Amino acid sequence: MEDRKFLPVPSIPDFVKIEHKILKFWQENNFLKQLMEKNKGKKKFSFLDGPITANNPMGVHHAWGRTYKDIVQRYKAQKGFDQRFQNGFDCQGLWVEVEVEKELGFKSKKDIEKFGIDKFVEKCKERVLKYSKIQTQQSIRLGQWMDWENSYYTMSDENNYTIWYFLKKCHENGWIYKGEDVVPWCPRCGTAISQHEIVTEGYKELIHPGVYLQFPIKGKERHYLLVWTTTPWTLTANVACAVHPELIYVLIKSNERFYYLLKERLNIIEGRYEIIEEIPGKKILNWEYEGPLSFLPVQKEIKHIVIPWEGVSAEEGTGIVHIAPGCGHEDFLLGKEFSLKVICPIDEEGVFLDDYDVLSKKSIKESEEIIFELLRKEDKLYKIEKYSHRYPVCWRCGVELVFRLVPEWYISMKELRYKIMEVAKQVQWIPSFGLERELDWLKNMEDWLISKKRYWGLALPIYECECGYFDVIGGKEELKEKAVEGYEKFEGHSPHRPWVDYVKIKCQKCGNKVSRIPDVGNPWLDAGIVPFSTLHYLKDKDYWKEWYPFDFAVECFPGQFRNWFYAILAMATVLENSPPVKTIFGYALVKDEKGEDMHKSKGNVIWFDEAAEKMGADIMRWIFVSHNPFENLHFGYKLGQEARRKLLTLWNCYSFFITYARIDNFDPKKKECQIDLKNVKNFLDRWLLSITNNLIKNVDYAYNNYEFDKIPRLIEKYIDNLSNWYIRRSRRRFWKSQIDFDKWSAYNTLYYALTTLVKLIAPIMPFLSEEIYQNLVVKVYENVEKSVHLTDFPQIQEDLIDKDIEEKMELCRKLVFLGRAAREKAKIKIRQPLKKIIFLNVPYKEKLNDFIFLIKDELNIKEIIFNEGKDIGKNFVRVEENNLVAMLDISLDEDLLWEGFLREFIHRIQILRKEAKFDITDRIILGYQADKKIEEILDKNMEYIKTEILAEEIRKEILETKDIEEKIEINNHKILVSLKRKI
RNA sequence: GGGCCUAUAGCUCAGUGGUAGAGCGUCCCGCUGAUAACGGGAAGGUCAGAGGUUCGAUCCCUCUUAGGCCCA
């Protein structure tokens, strides 16, 4: 018959090794399948996984989010909810393209076209598959349970076609349009960078020339406008200057010339000057001036004028702003307002077009010096300074962005934004300020730029005819129906470039053959559609209805308001006008231990794999969960050490239990060992049962309300109670040799506490809890769930909660605390017994009677007196806190001293046993040599000593064969002792 | 410039309209046959600053300052 005894437990666990063992165990048993099966058909909990970009190995910050995801689903599984456990990968977009370009050593879009779009797109797919595999392995290492085979990929046909359906809906509402706008543009990637994508890392502190220009005012000889710019190349497109109509400008005379500029900006003037007059900005409006680089063909016909703009800043420049509607977003809007000409001097690689004289074919950087020279020749340059400012760069490749006029496709937010706001309000945001942030974004965001002049992404199903008419195709079937050419070449391929572009349709208006526009889609379309595509919205609406709306989603807050959260809200608003998810939970960013960003270049990045192997996944998860999710996490190995120590305490409790349960053959399934917890009498046991059930209640509440960071605090407090009070005070109950009701009571109680605790922490620390559960439960019971993660959440037993006992125990611990402080003050160690201690002002003292033994034991004091007696002289040491007073009688007599001696002696022997590496159950023979007085004392207490040190025999001689020998000295008595293990 | 968040011990952070807390770190002392643990003590705080509400404010309100995130 199989041995069903608990396995022995090492006192120092190797958490990482345990985790690998458990991983293997899980893998061999496919528990997730069993779990899903177990809860199938029950009440549903619908979790929405925000897709991780499958482009690189996972970082520590991903692990943070995935920990929450795993915890929620594990907890809901314990609670019996039916779940899908679907993970998602984000696949399409510029980020993948940029990495593949790096792999292939490409520098520009031309390289890609030369290589072949089809091959390039295949490479992108390959990369995504490669990294989704790696991320899956890493997630498994983290302990995340997901239905990995069933992960969704945003590059799937279903995902793409569902977006087509969405876009068609938008089109039917008249929201899709082609617009011209001046947008941030990456000259390397050759594409617009949408507003959504200029994230924090999208800015760099850069030094540009701060160029001061003097533009001659027409009709006023030697009068100039002083104008400032940091982008000299845009001067080729200057058509106007703007002044703030309400601010005060001055006319000054300097070097026989007259300049206009903002009064507040006079400090930029070189040399001496004299103020001629002050003049409000509005008086300067509509003046005509001679623009820069006037020999350029594009500049020939321009009538340069001064226009008003409230956005003019008094903080920098001259207060007169150079306006080039083809080269700046605000400029473009002003251009529209004042019907200015739009000049767009550069191509998509940031190179000057033909027609720009000497500048043609020059890049923006190359053009700088040439332009300065030309300006000098024209006498329009005042001075050049260096100017340092934050300037947008391409968030993927780091190249400085330019602003460029391009035709792009948009979804109008004119009506939609208000609808989305209404939907956003129906979501529960955690933290609650999430809603305000989202609304703020929605209020301020511009129309959604959905097109990108790239290769790897959603093929925008927009077919624009030369006649100006355009159509949006809503799905594969519709495409097939409308195709007039090339469908057979496309068939069998995913709806990506270049294959989808073989298909041509007929223009509904003029009948011409129409191609798809070459653009691909904004990647947030891909991620935003998943509340629909992953539930087969188009194919199986019943299934979709079963799981929609989702109950919960969790992602990193910064960024996601304008990205994923925004996208899912927008798309759900269009398709269903309903919130896609009931609760959105956000967490902050991961920084290094010093609070600085982790950067490869700084060398302070902690990689997931390294952290997992060094500190262990459970400890990482514990750190993540303990942290307030709304504050940045300063992650590092120091935190790991702290967390490890907390868990070691738990491990020690577990290992204590196992050690003695093995010695006493405690078997929780045997009748003779069992005690109904309701019949437990011992106060320590009843107290532990009570706080255990309170813990169940509080932890359940916290999980249920997504207050994850509260849980580790509750658990840590509990473990401290368990270890430093319950077990410490109960030790002797486990040690004693006789087996009685009290002993079984202790075992049953501690067993209950431990098995409950592992279930409570199982969602957070899946490995450690599994390890302990396997030994505590699976090892002894045959018909139980084979994994802790298949078990139900512990049932609270209200009748085991006893407020009264908890209160009294708390008071009791306070008294012990005071007693210790008194001993400390008197400098008398615990091993020295003392006569009595008096406590004053103790509430409900009579009820404390049952606890006196605890205080006596813990403080090693013979008598405890409540609320009687006075401070009587110097034999007492007094300590008080919060009105509670302790008075410790420190007078010692012969008996007390010898009793203290005995305890010290036993303690020394115990240390020797430990040094000799005896097992705690080993019997020994003790031999010693000492003076007569000692012999007398030891003789008198022979039996007591024997029990304490597990000696079968005590001899008044040094043993001839011995395992250890030492001279010890206590209270000036020298003793030579030797120990021998009995075999 | 606008929105949101944060400010508590050397560090990391809890917390409360009624006498300021934990962990880590430092220094002293002690306990320990479950303990790579633990306990006690000490040092260390104008709870960012200024106003207001209140019998009473670290907490609620306003402003200021600093930091974070987002937007412009």
Side-chain angles (χ1 to χ4, degrees), chain A residues 9 11-13 195-196 198-200 310-311 313-315 329-330 431-446 556-563 586 588-589 591 593-595 597 623 626-628 630-636 638-639 641-646 648-660 709-710 712-713 716-717 720 722-725 727-728 730-731 734-735 750 816-825 827-832 858 860 879 881-883 903 906-907 909-922 948-950:
Chain A
V9 169
S11 60
I12 301 143
Q195 200 188 355
H196 305 60
I198 303 181
V199 281
T200 344
E310 307 269 338
S313 158
E315 309 282 314
H329 183 66
E330 274 101 10
S432 56
F433 65 74
L435 174 63
E436 283 172 88
R437 288 225 184 150
E438 189 63 48
L439 293 178
D440 185 53
W441 163 254
L442 286 166
K443 193 172 72 195
N444 293 316
M445 77 166 295
E446 289 160 27
C556 177
F557 254 5
Q560 298 306 346
F561 291 102
R562 55 161 195 262
N563 292 330
L589 301 167
K591 308 274 176 168
E593 267 173 347
K594 292 182 200 139
D597 288 340
I623 292 171
S626 304
H627 190 73
N628 176 348
F630 320 134
E631 299 281 340
N632 290 344
L633 169 62
H634 298 181
F635 185 86
K638 203 179 122 199
L639 282 180
Q641 277 306 316
E642 281 182 36
R644 186 169 194 276
R645 226 163 310 180
K646 303 260 165 53
L648 267 178
T649 311
L650 167 62
W651 184 268
N652 288 333
C653 295
Y654 159 61
S655 127
F656 172 89
F657 171 83
I658 293 291
T659 305
Y660 288 95
D709 56 325
K710 298 266 189 305
R713 269 202 288 285
E716 280 171 18
K717 181 79 202 148
D720 184 62
L722 179 63
S723 170
N724 287 319
W725 193 247
I727 290 183
R728 198 168 80 222
S730 301
R731 259 187 301 218
F734 292 93
W735 287 351
L750 185 53
V816 165
F817 175 89
L818 272 182
R820 283 212 200 97
R823 270 183 172 277
E824 167 71 19
K825 200 170 165 188
K827 296 277 171 211
I828 300 173
K829 51 169 101 171
I830 301 272
R831 268 196 294 271
Q832 175 58 58
E858 181 71 16
N860 196 17
V879 172
E881 190 180 296
N882 291 332
N883 201 34
R903 278 191 66 155
I906 289 165
H907 168 62
I909 303 292
Q910 303 288 34
I911 291 174
L912 288 178
R913 281 187 60 122
K914 201 173 181 180
E915 275 171 20
K917 297 208 159 49
F918 294 170
D919 192 83
I920 50 170
T921 53
D922 283 340
E948 287 297 312
I949 65 170
L950 292 185

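Proteins get letters first, then strands, A, B, ... in listed order; numbering begins at 1 in each. All values derive from a computational prediction rather than experimental measurement.
- Nucleotides B:G15 and B:G23 have their C1' atoms positioned 14 Å apart, rounded to a whole Å.
- For B:G3 and B:C27, the C1' atoms lie 48 Å apart once the distance is rounded to whole Å.
- Atom CZ in A:Phe630 sits about 18 Å away from atom C1' in B:A7, given to the nearest Å.
- Under 4.0 angstrom from either OP1 or OP2 of B:G2 there lies no side-chain N or O belonging to A:Asn444.
- Counting heavy atoms from C-beta outward, A:Phe734 and A:Ile727 have side chains that stay 4.5 Å or more apart.
- Under the Watson-Crick or G-U wobble criterion, with both distances below 3.5 Å, B:A9 is left unpaired in every strand shown.
- Under the Watson-Crick or G-U wobble criterion, with both distances below 3.5 Å, B:G1 is paired with B:C71.
- Using a 4.0 Å heavy-atom criterion, one finds that A:Asp709 contacts no nucleic acid atom at all.
- B:G39 is paired with B:C29 under the criterion used here, namely a Watson-Crick or G-U wobble arrangement in which both key atom distances are under 3.5 Å.
- Among the protein residues, A:Phe734 comes within range of no part of the nucleic acid, since none of its heavy atoms lies under 4.0 Å from any strand.
- Heavy atoms of A:Glu436 sit under 4.0 angstrom from primed sugar atoms or phosphate atoms, though from no base atom.
- For A:Arg645, counting side-chain heavy atoms from C-beta on, the closest listed nucleotide (B:C24, B:G39, B:A34) is B:C24.
- Among the protein residues, A:Arg731 comes within range of the nucleic acid bases, having at least one heavy atom under 4.0 Å from a base atom.
- Between B:U19 and B:C47, the distance separating the two P atoms is 14 Å to the nearest Å.
- Between A:Arg644 and A:Pro13, the closest heavy-atom pair is NH2-O, 3.4 Å.
- The interatomic distance linking A:Glu438 (CD) with B:C70 (C1') rounds to 11 Å, in whole Å.
- Within the 4.5 Å cutoff, no side-chain heavy atoms of A:Ser723 are placed close to those of A:Leu650.
- Within the shown strands, nothing qualifies as a pairing partner of B:G17 under the Watson-Crick or G-U definition with both distances less than 3.5 Å.
- Minimum atom distance to the side chain of A:Asp440 is reached by B:G3, of the listed B:C13, B:G3, B:G39.
- Side-chain atoms of A:Glu948 never come within 3.5 Å of backbone atoms of A:Gln910 as a donor-acceptor pair (strictly under, hydrogens ignored).
- A donor-acceptor pair under 3.5 Å is absent between the side-chain atoms of A:Asp440 and the main chain of A:Glu436, judged by distance alone.
- Heavy atoms of A:Lys717 sit nowhere under 4.0 angstrom from any nucleic acid atom.
- OP1 and OP2 of B:A34 both lie 4.0 Å or more from every side-chain N or O belonging to A:Tyr654.
- When distances are taken from the side chain of A:Arg644 to each of B:C38, B:G15, B:A36, the shortest belongs to B:A36.
- Smallest separation of non-hydrogen atoms from A:Asp709 and A:His627: CB-O, 3.5 Å.
- Considering only side-chain atoms of A:Asn632, the nucleotide from B:G3, B:G39, B:G68 that sits closest is B:G68.
- Of the candidates B:A36, B:A34, B:A14, B:A14 carries the atom nearest the A:Asn628 side chain, counting heavy atoms from C-beta on.
- A:Leu442 has its CG atom 13 Å from the P atom of B:A72, to the nearest Å.
- Among the atoms of the strands shown, only primed sugar atoms or phosphate atoms (P, OP1, OP2) are found under 4.0 Å from some heavy atom of A:Glu631.
- B:C11 atom C1' lies 15 Å from atom CG of A:Leu633, rounded to whole Å.
- Across all strands shown, A:Thr659 has no heavy atoms under 4.0 Å from either base or sugar-phosphate atoms.
- Using atom P as the reference point in both B:A42 and B:U8, the two lie 24 Å apart (nearest Å).
- B:C59 and B:G21 have their C1' atoms separated by 15 Å, with the value rounded to a whole Å.
- The gap from the P atom of B:A7 to that of B:C60 amounts to 10 Å, rounded to the nearest Å.
- For the pair A:Leu435 CG and B:C5 P, the computed distance is 12 Å after rounding to whole Å.
- Contact annotation: the side chain of A:Phe656 approaches that of A:Leu750 to within less than 4.5 Å [non-hydrogen atoms, C-beta and beyond].
- Proximity of A:Ile906 to A:Ile949: side-chain heavy atoms (C-beta onward) are separated by under 4.5 Å at one or more points.
- For B:C63, the paired base is B:G49 (Watson-Crick or G-U wobble, both distances below 3.5 Å).
- Nucleotides of RNA chain B nearest to A:His907 and A:Leu648 differ in position, and the one nearer the 5' end is that of A:His907.
- Among the atoms of the strands shown, none is found under 4.0 Å from any heavy atom of A:Ser626.
- Comparing B:A9 with B:G68, their C1' atoms are spaced 22 Å from each other, to the whole Å.
- Using a 4.0 Å heavy-atom cutoff across all strands shown, A:Leu589 reaches sugar-phosphate atoms only and no base atom.
- Under 3.5 Å, the side chain of A:Ser723 and the base of B:A37 form no donor-acceptor pair of N or O atoms.
- The interatomic distance linking A:Glu716 (CD) with B:A22 (P) rounds to 14 Å, in whole Å.
- A:Leu650 places its CG atom 13 Å from the C1' atom of B:A37, with the value rounded to the nearest Å.
- Both A:Phe656 and A:Arg437 lie close to RNA chain B; mapped to their nearest nucleotides by heavy-atom distance, the more 5′-ward contact belongs to A:Arg437.
- Remark: A:Trp441 CH2 to A:Asn563 CG distance equals 7.5 Å, nearest 0.5 Å.
- One C1' atom belongs to B:A50, the other to B:G18, and the distance between them is 24 Å to the nearest Å.
- The separation between A:Asn724 atom CG and B:G40 atom P is 9 Å, rounded to whole Å.
- Using a 4.0 Å cut-off, some side-chain N or O of A:Lys591 falls inside it from OP1 or OP2 of B:C69.
- A:Asn652 comes within 4.0 angstrom of a base, heavy atoms only.
- Base pairing annotation: B:U58 forms no Watson-Crick or G-U wobble pair, as no partner gives both donor-acceptor distances under 3.5 Å.
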